There are 2 protein chains.
Amino acid sequence: MVEYSTPTLDAVFHALSDPTRRAMLHRLSTSERTVSELATPFNMSLAGASKHIKVLEAAGLVRRHVQGRTHICALQAARLAEAQEWLRYYEQFWQERLDDLEDILRAEDRALAETAKHGARKTPKSKPDTKE
Amino acid sequence: MVEYSTPTLDAVFHALSDPTRRAMLHRLSTSERTVSELATPFNMSLAGASKHIKVLEAAGLVRRHVQGRTHICALQAARLAEAQEWLRYYEQFWQERLDDLEDILRAEDRALAETAKHGARKTPKSKPDTKE
DNA sequence: CATTTATTCAACCAAATGGTTGACAATTGA
DNA sequence: TCAATTGTCAACCATTTGGTTGAATAAATG
């Protein structure tokens, strides 16, 4: 079973379960930022934002270096690769389901064509819209 | 910005942040299971396990159908695809870092070779093992 | 029909989480 | 040197989470 280091996955997925932290990661994907810069867009105290950054740091998703009184944060993406690896195992399942869905829709189309040919049954007026 | 439906990502990543729930998903990847079967490997009450299944269900990762008094659960992977899509944006960053790491190691090797040639400095005995 | 099985529910509890506030430390700038 | 800035820390609070227990419900079985 794909069981990557569990505490790491615990922490990474937990860090990602909060929209504020995901937004912070996104901002760090464009450039390094100070703690205050990361905190700025959020309607919360600096201490609150600092806590979120600590969570990201603890999960290994952010690293920081201090210049004077300024803490510069940077994205550290390696642990996201671990999360991606974990998810990769399930790729076959959402691919399968998409294939299954296609098969089901095709079978339904054939069934409707058959009943229309025999005229034995009224075909339902509303049928799945496959155009989308 | 890749901002997929946030509440969905909240719920999905939160569901995945617990090792028990990840293990349950893995068991469902081999076949459908009853609630009791899912609960069995864990040292917790049936009600506790039932709560975890509810979290997975609320996140859209599991669906169930009831046969008599038995609740049959199945994996529902589509939302994992959304999580994967979110992570895909960061792929460039862990790829970059791996490239950066290689560059750094190569630069170090060159520097060591230069100093050995000039004999001006003792080269350190221990250096990064690049064989791995 | 009584008993058993499968599972959820409500109530409870401890721990964790997310946020605030005020104090404090380190550094910068005037 | 002092005020301002950057940021963390501790204490606090409300909410959420994860788990248990006993009761309740629905369905299957004898």
Side-chain angles (χ1 to χ4, degrees), chain A residues 6-28 31-76 79, chain B residues 6-28 31-76 79:
Chain A
T6 296
T8 296
L9 286 178
D10 291 355
V12 169
F13 283 127
H14 171 253
L16 298 180
S17 67
D18 186 272
T20 298
R21 296 196 286 268
R22 293 199 302 272
M24 286 177 168
L25 286 184
H26 187 268
R27 293 200 76 206
L28 289 173
S31 64
E32 295 186 340
R33 304 271 180 177
T34 68
V35 166
S36 299
E37 286 170 342
L38 282 179
T40 298
F42 304 106
N43 187 18
M44 77 169 58
S45 66
L46 181 59
S50 184
K51 280 198 172 194
H52 280 296
I53 295 166
K54 283 253 183 230
V55 171
L56 290 169
E57 205 170 10
L61 301 179
V62 156
R63 69 179 181 280
R64 78 172 77 198
H65 59 278
V66 183
Q67 292 177 345
R69 65 191 173 203
T70 304
H71 295 227
I72 315 289
C73 303
L75 181 67
Q76 191 163 268
R79 294 288 172 77
Chain B
T6 297
T8 295
L9 287 177
D10 291 356
V12 168
F13 284 127
H14 172 253
L16 298 180
S17 67
D18 186 272
T20 298
R21 293 197 288 270
R22 292 200 302 273
M24 285 177 168
L25 286 183
H26 188 266
R27 295 200 74 205
L28 288 174
S31 64
E32 296 188 339
R33 304 270 179 178
T34 66
V35 166
S36 299
E37 286 169 342
L38 281 179
T40 298
F42 304 106
N43 186 19
M44 73 169 61
S45 67
L46 182 56
S50 184
K51 280 196 168 193
H52 280 296
I53 296 167
K54 282 255 181 224
V55 172
L56 289 169
E57 203 170 9
L61 300 180
V62 155
R63 70 179 180 278
R64 80 170 74 198
H65 60 278
V66 184
Q67 290 177 346
R69 67 194 172 194
T70 304
H71 294 225
I72 315 290
C73 303
L75 180 66
Q76 189 161 270
R79 293 285 171 82

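It should be emphasised that the depicted structure is a prediction, and the values quoted were computed from it without experimental measurement.
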Does Arg64(B) make a side-chain N or O approach to OP1 or OP2 of dT8(C) shorter than 4.0 Å?
yes
Test side-chain contact (heavy atoms from CB on, under 4.5 Å) on Met44(A) and His52(A); report intermediate values, then the result.
CA-CA 11 Å; Met44(A) 77 169 58; His52(A) 280 296; 3.7 Å; yes
Protein-nucleotides 24-27 of chain C N/O pairs under 3.5 Å:
| from | atom 1 | to | atom 2 | distance (Å) |
| --- | --- | --- | --- | --- |
| dT27(C) | O2 | Arg69(A) | NH1 | 2.9 |

Send over the distance from His65(B) NE2 to dT7(C) P, rounded to a whole Å.
12 Å
Test side-chain contact (heavy atoms from CB on, under 4.5 Å) applied to Leu25(A) and Leu16(A), step by step
CA-CA 9 Å; Leu25(A) 286 184; Leu16(A) 298 180; 3.6 Å; yes
With nearest nucleotides of DNA chain D determined for Ala47(B) and Glu37(A) from heavy-atom distances, which residue corresponds to the more 5′ nucleotide?
Glu37(A)
Write out a two-atom table: protein N or O, nucleotide N or O from nucleotides 11-13 of chain D, distance below 3.5 Å.
none

Indicate yes or no: at least one non-hydrogen side-chain atom of Asp10(A) is less than 4.5 angstrom from one of Arg22(B).
yes
Kindly indicate whether the side chain of Ile72(B), heavy atoms from C-beta on, has any atom under 4.5 Å from the side chain of Arg33(B).
no
Among dT17(C), dT20(C), dG7(D), the nucleotide that comes nearest once only the side chain of His14(A) is considered:
dT17(C)
From CG of Leu46(A) over to P of dA10(D), roughly how many Å is that when rounded to an integer?
16 Å
May I ask you to say what Thr20(A) touches in the nucleic acid, namely base, sugar-phosphate or nothing, with a heavy-atom cut-off under 4.0 Å?
nothing
State which of dC9(D), dG18(C), dT7(C) makes the closest approach to the side chain of His71(B).
dT7(C)
Within-4.5 Å side-chain heavy-atom neighbours: Leu28(B) and Val62(B)
yes
If an axis is fit to five pairs at each end of the helix from dC1(C)-dG30(D) to dA30(C)-dT1(D), what is the angle between the two, to the nearest 10°?
10°
I need the CZ-P distance between Phe42(B) and dG18(D), as an integer number of Å.
14 Å
Counting side-chain heavy atoms from CB outward, which of dT21(C), dT7(C), dG18(C) is closest to Ser45(A)?
dT21(C)
